[in-house]
Amino acid sequence: MFNQLLLNGIIAGSIYALIALGFTVIYKTVRFFHFAHGVVYTAGAYCAYSLTISLGINSVISFFIASAFSALFGIAIDRLVYLPLRKSNAPALVFLIASFGIFIFIQNLLQLIYGAQILSLRTGAVKEGHAVLGAVITDIQILILVVSCWLLGILWFIIEKTKMGKAIRAVADDPVGASVSGIYAERVILYAFGIGSALAGVAGVLISYETNIEPTMGLNAILKGIIASIIGGMGNIPGAVIGGFFLGIVENLGIWKIQAGWKDTISFVILIVFLLLRPEGVLGKKNRERF
Amino acid sequence: MEYFLHILVIAGIYIILTLSLNLIVGFTGLPSLGHIAFACVGAYTSSLLALNYGISPWIGLVIGACIASIAGLIVGFAAIRLKGDYLAFATFGLGVIIYAVSKNWVALTRGPMGLPGIPGFALPGFEIRPVWAYLILVIVFVLITTFIINRIVHSPFGRILKSIREDELASLSIGKDVIKYKLIVFIVGAFFAGIAGSLYAHYITFIDPSSFTPMESIMVLLMVVFGGMGSIKGSFLGAAALVIFPEMLRFLGMPSSFAAPLRQMIYGLLLIILMIKRPQGIIGKYKF
């Protein structure tokens, strides 16, 4: 039982880590809570649904198209809503509330198009899983683990080793200093939204093979993503990954003793504990200005 | 006619909610995105007291509002430690927790099945059942709320709230106990939200968690921001406009599976446009 719950936690955690990572990359460059990140995740899932189920395109190809679509979608949100706000120097809170507006708008747009019913990318019968160390793991779950670990590696490489990543880190550390040394912040923000939103889209597509697609799925995803980011240390990339796995595992081990309905409550209680006792997160640095 | 009066009752309840949130967000400048949770606490407390112990809704309303204040105090503690978007997210999280409790604590709240048959308010020899009578009751509560909040914000106490909003460090440096004021604001705001929740429960006579979803808090915030941050008239305008306007969609003869998401989309779009064009709201003075 313990092993199974631990495994479920790791799988849930890898999805949370992907969302938290995308959120964190964006947060690093723009310094506000991009709540609508959750709805990018939903849009990615629905895009894959339209391609695979409605148009009958090969699932691997539609996976890539859906990720690209999510990236463009995130960039579009930035250009249409956040750019005008940046120009008027709005405080972070105004961005957050506008982000809620985007979230509500897109979620209901998807509901209008696809209806409120539950859809799924799974076709055919549910396959029997493999037994590993007393736990059962399905092919899809293996795929989720492999893809997310691979993406976590790629992202680490982009941020740490490429010029683009260096620019992102520079803008994150000091936007004015970065622009003085010739880094065009708007372009870096564009990269960040592209990369971050693609990660959200990937998470959305992966989860819709494992569970279901519904218009409201984004809320839970972004809440967990933000909690994971806060646990790990806001704006800290390894922190977001640690936070994601930590949250997934604790949540799933929690329902060993408590009813499954309380999962969300567990994660919010963790959030409140962290915010009150260690608001800078596990890996974050103390920053008095924000708290 | 009955229907029109019904809309006015709902608008009145939202005006109380909006005024109480405006005290926290608009006048004191503390972002609070979990306001509906206080209404949830008030509604469930007075309904359960009436259903399980036969306590009069009048007393239930007061007890419900007091329990909501305790919830407000807890949220207030978060407001001491956190600022800006962190506080906003934490208050939203507390809204999620209260929603989850109302949904999962089935032994107490009956979970998603909801609480049916909640008794209404009664005066000696007269039960406040007809919609017109309930409208009068709601108007009385709106007037009480407006009077008290108006007195608060125009008193020396209210000036300190505004000074916290404008510059917390400055008010701290002239010796104002900022922590105390923040806590009081959350307690008072939650108290009136609790009243609004209880008025709603005894009017509809049925409550379930779906009336108190976390996104509903964003709706109340939209009403505050739309009407005007830090403006009492604005709260009337925001709540009334956003309750009455979507009802017009109904007369256009749209099926509800279409009208409900469309209405939410309009709300979302409105929130975006307001943030870009006029973050202080139509007749508000204060921006975030």
Side-chain angles (χ1 to χ4, degrees), chain A residues 31-33 35-36 39 80-85 87-88 90-113 115-116 215-216 219-220 223 226-227 230 234 258-269 271-272 275-277 279 289-291, chain B residues 25 29-31 33 74-75 77-78 80-90 92-101 103-106 111-112 213-215 217-219 221-222 225 257-277 279-280 287-288:
Chain A
R31 296 272 150 198
F32 65 82
F33 283 29
F35 199 84
V39 93
L80 291 175
V81 181
Y82 298 145
L83 186 63
L85 288 175
K87 280 189 178 150
S88 62
L93 204 55
V94 169
F95 281 95
L96 175 63
I97 293 171
S99 201
F100 270 108
I102 303 166
F103 188 94
I104 295 172
F105 181 78
I106 304 291
Q107 176 179 313
N108 287 285
L109 181 67
L110 289 170
Q111 187 171 335
L112 210 58
I113 299 170
T216 49
L219 179 63
N220 192 36
L223 292 177
I226 297 181
I227 296 173
I230 291 177
M234 195 47 104
I258 319 170
Q259 259 179 306
W262 293 102
K263 241 185 194 179
D264 296 347
T265 319
I266 298 173
S267 42
F268 269 98
V269 170
L271 169 80
I272 304 289
L275 281 179
L276 294 181
L277 301 179
E289 181 198 338
R290 297 223 132 234
F291 305 105
Chain B
V25 178
L30 300 168
L33 307 187
I74 296 168
V75 179
F77 281 119
I80 297 171
R81 283 294 299 250
L82 305 167
K83 282 198 184 74
D85 35 8
Y86 282 81
L87 177 58
F89 187 68
F92 188 77
L94 287 161
V96 175
I97 291 180
I98 302 245
Y99 171 69
V101 169
K103 205 166 140 187
N104 290 312
W105 193 354
V106 178
T213 58
M215 277 298 166
S217 299
I218 306 295
M219 207 57 64
L221 183 75
L222 171 63
V225 177
S257 66
F258 189 75
L262 188 67
R263 172 173 157 175
Q264 296 286 323
M265 278 170 68
I266 294 171
Y267 284 145
L269 201 60
L270 207 55
L271 205 50
I272 301 170
I273 294 171
L274 273 173
M275 283 300 119
I276 296 177
K277 294 291 176 199
Q280 71 271 47
K287 296 182 198 178
F288 281 107

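Each chain gets a letter, A, B and so on, in the order its sequence line appears, and its residues count up from 1. Every value quoted in this text rests on a predicted model; they were computed, and no experiment measured them.
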Classify the ring geometry between A:Phe35 and B:Phe92 as parallel (under 30°), tilted (30 to 60°) or perpendicular (over 60°).
-> perpendicular
Distance from B:Leu270 atom CG to A:Phe105 atom CZ, nearest 0.5 Å?
-> 11.5 Å
Interface moiety of A:Leu223 toward chain B, non-hydrogen atoms closer than 4.5 Å = both
Is any side-chain heavy atom of A:Leu275 less than 4.5 Å from a side-chain heavy atom of B:Arg81?
-> no
To the nearest 0.5 Å, tell me how far A:Leu93 CG sits from B:Met275 CE.
-> 8.0 Å
Checking heavy atoms, do the side chain of B:Leu33, its backbone, both or neither come under 4.5 Å from chain A?
-> side chain
Chain B interface, residue from A:Asp264, A:Val269, A:Ile102 that has the most non-hydrogen pairs under 4.5 Å = A:Ile102
Are A:Phe103 and B:Ile218 close enough, and set up right, to give a side chain to side chain contact (heavy atoms under 4.5 Å, CB included), and what steps lead you there?
-> CA-CA 11 Å; A:Phe103 188 94; B:Ile218 306 295; over 6 Å; no
Within-4.5 Å side-chain heavy-atom neighbours: A:Leu271 and B:Phe89 = yes
Tell me, side chain or backbone of A:Leu85 under 4.5 Å from chain B's heavy atoms, or both, or neither?
-> side chain
Would you mind checking which part of A:Leu219 comes under 4.5 Å of any heavy atom in chain B, side chain (CB onward), backbone (N, CA, C, O), both or neither?
-> side chain
What part of A:Ile230 is in contact with chain B, defined as an atom under 4.5 angstrom from a non-hydrogen atom: side chain, backbone, both or neither?
-> side chain
Hey, could you give me the CG/CE distance between A:Leu109 and B:Met265, rounded to the nearest 0.5 Å?
-> 4.5 Å
Checking side chain to side chain contact (heavy atoms under 4.5 Å, CB included) for the pair A:Ile272/B:Leu94: CA distance, chi angles, key distance, verdict?
-> CA-CA 8 Å; A:Ile272 304 289; B:Leu94 287 161; 4.1 Å; yes
